[in-house]
Amino acid sequence: MSATIDKHVYYDDQYKVMLYRDCRTAVPPGQSIARHLRNTHSIKGQDLKEIMDYTALLDMADIRGVPRRPDYSPPHTMLRTEKGFSCTECRYLTITRDAVTRHWRTSGHTNSGEECTRVQLQSWQRGKDTSYWIIQTGSNPVNPSPPSTDQPTSVMDTMIEETMAEFNEETRQRVEIGDGRTGLTNDTTWVKEMKWAQHFSGKSFRQIYEATQSIRSAGIKGTAQQSEDETAKQEAKALDLLTSPAS
């Protein structure tokens, strides 16, 4: 490799990207390389040709599809390191503190603790669609797991949840279905006389309500015979539900 090539560019053969030593960033392959070298670094003539001949021999990937390096990787010596922020609830990374606040407003995070921690970041490129990764430093020598919002469930918690679910279902059925209870606390003289407990035992109060609504509608005068006939059919159906034996 010539001194000119080694001075200006570096090829990462693991990720198949060309990095520029002066600006410490990657540029897409093809004519983007020539434009970047010419316009940004003022490389022209034979030096530019030499570098372009070298890149033509390489297997280069489109930088837009190159994956991030793993979080907490050692710093890449050919990339710029930037101070940044890592969301404490998810893998949102940015170099702007205000961006973290906007992220929390739109993401629905509810943790009452800190929104973010300070980290060191690297990326293949810079811009609005930059995809960062966290690099390893002295303060984060290992890859910590993201904070979990899930709390371990104890045996007692499980028993309480199961009991409450059973209680709620029993309550729902008791409220919705007539249970036919009799006795001092459930019967009055009128209830006994009308035999409501025996009549409504096992029947749905929802169906009873719908039946009374249908009967009530009979008192509203209709203007069309077809409407009256339909009302009569609904009333007959509702009364059948009331008078049919409990299943």
Side-chain angles (χ1 to χ4, degrees), residues 1 5-43 51-52 54-151:
M1 184 182 299
I5 295 173
D6 189 57
K7 177 183 178 181
H8 295 290
V9 298
Y10 172 85
Y11 178 65
D12 187 314
D13 57 359
Q14 179 180 356
Y15 290 93
K16 303 185 185 304
V17 294
M18 182 66 70
L19 305 174
Y20 299 92
R21 293 181 181 272
D22 289 340
C23 57
R24 295 185 179 274
T25 188
V27 174
Q31 291 302 312
S32 297
I33 296 176
R35 285 196 299 270
H36 181 80
L37 293 174
R38 186 186 300 110
N39 300 333
T40 305
H41 302 290
S42 300
I43 300 174
I51 294 174
M52 293 306 298
Y54 169 67
T55 60
L57 301 175
L58 301 175
D59 178 18
M60 297 181 61
D62 187 339
I63 192 62
R64 293 169 296 183
V66 176
R68 296 184 300 262
R69 301 184 77 203
D71 283 337
Y72 303 97
S73 297
H76 196 303
T77 58
M78 292 299 157
L79 290 173
R80 177 178 301 189
T81 298
E82 300 184 84
K83 295 179 180 179
F85 304 91
S86 173
C87 176
T88 55
E89 290 292 290
C90 67
R91 198 198 171 280
Y92 178 78
L93 303 173
T94 181
I95 59 174
T96 308
R97 181 63 180 84
D98 290 344
V100 178
T101 301
R102 290 193 298 271
H103 165 71
W104 270 67
R105 279 202 302 263
T106 58
S107 63
H109 294 332
T110 57
N111 189 356
S112 60
E114 292 293 329
E115 292 181 344
C116 63
T117 57
R118 295 181 179 272
V119 292
Q120 299 288 310
L121 303 174
Q122 285 189 330
S123 63
W124 296 118
Q125 286 186 301
R126 294 190 294 276
K128 67 174 184 177
D129 296 325
T130 301
S131 182
Y132 294 103
W133 62 84
I134 303 173
I135 62 170
Q136 179 181 322
T137 64
S139 60
N140 54 18
V142 295
N143 183 358
S145 299
S148 174
T149 58
D150 297 330
Q151 298 295 327

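Owing to the predicted nature of the structure, the values given are computational and were not obtained by experimental measurement.
Side-chain N or O atoms of Arg24 include none that pairs as donor or acceptor with a backbone N or O of Thr81 at under 3.5 Å. No donor-acceptor pair closer than 3.5 Å links the side chain of Thr96 to the backbone N or O of Asp98. Tyr11 contributes a side-chain N or O that, together with a main-chain N or O of Asp59, makes up a donor-acceptor pair within less than 3.5 Å.
Counting only heavy atoms from C-beta outward, the side chains of His8 and Arg21 never approach each other to under 4.5 Å. Between Val66 and Lys16, every side-chain heavy-atom pair lies at or beyond the 4.5 Å cut-off. Side-chain contact between Ser86 and Ile134 is present, with at least one heavy-atom pair separated by less than 4.5 Å. The side-chain heavy atoms of Pro28 and Arg64, taken from C-beta on, include no pair separated by under 4.5 Å.
Here the closest non-hydrogen pair linking Tyr54 and Leu58 is O-CG, 3.5 Å. Here the closest non-hydrogen pair linking Ala61 and Pro29 is O-CD, 3.5 Å. What you find for Arg69 and Pro75 is that their closest heavy atoms are NH1-C, 4.0 Å. Nearest heavy atom pair, residue Leu79 against residue Ser123, reads CD2-O, 3.6 Å. In this structure, Ala26 and Tyr20 approach most closely via the heavy-atom pair C-CE1, 4.3 Å. Contact detail for Pro70 and Trp133: the closest heavy-atom pair is O-CD1, 4.1 Å.
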* Asked: Please walk me through it: do Asp12 and Met78 pass side-chain contact (heavy atoms from CB on, under 4.5 Å)?
  -> CA-CA 9 Å; Asp12 187 314; Met78 292 299 157; over 6 Å; no
* Under the side-chain contact (heavy atoms from CB on, under 4.5 Å) rule, what do Ser73 and Gln122 come out as? Steps first, then yes or no, please. => CA-CA 10 Å; Ser73 297; Gln122 285 189 330; over 6 Å; no
* To do: Could you walk me through whether Thr130 and Gln125 pass the side-chain contact (heavy atoms from CB on, under 4.5 Å) test, one step at a time?
  => CA-CA 6 Å; Thr130 301; Gln125 286 186 301; 5.6 Å; no
* To do: Report the C-alpha separation of Tyr132 and Gln120 in whole Å, then their side-chain angles, then the decisive distance to 0.1 Å, and conclude whether the side-chain contact (heavy atoms from CB on, under 4.5 Å) test is met.
  => CA-CA 10 Å; Tyr132 294 103; Gln120 299 288 310; over 6 Å; no
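Taking CE of Met52 as the reference point, atom CD1 of Ile43 lies at 11.0 Å (rounded to 0.5 Å). One distance of note links CD1 of Ile95 with CZ of Arg126; it measures 8.5 Å at 0.5 Å rounding. A distance of 7.5 Å separates CG of Leu93 from CZ of Arg68, quoted to the nearest 0.5 Å. To the nearest 0.5 angstrom, Ile135 atom CD1 is 11.0 Å from Tyr72 atom OH. Separation of atoms CD1 (Ile51) and OG1 (Thr55) is listed at 8.5 Å; rounding is to 0.5 Å.
Classified by interplanar angle (parallel below 30°, tilted 30° to 60°, perpendicular above 60°), the ring pair His76/Tyr10 is perpendicular. The aromatic rings of His109 and His103 sit perpendicular to each other, their planes meeting at more than 60°, with 30° as the lower class boundary.
Under 4.0 Å is where a charged nitrogen must lie from a carboxylate oxygen, and between Glu115 and Arg97 at least one such pair does.
Partner Trp124 forms a side-chain contact (heavy atoms from CB on, under 4.5 Å) with one of Ile63, Thr25, Val27 and no other, that one being Ile63.
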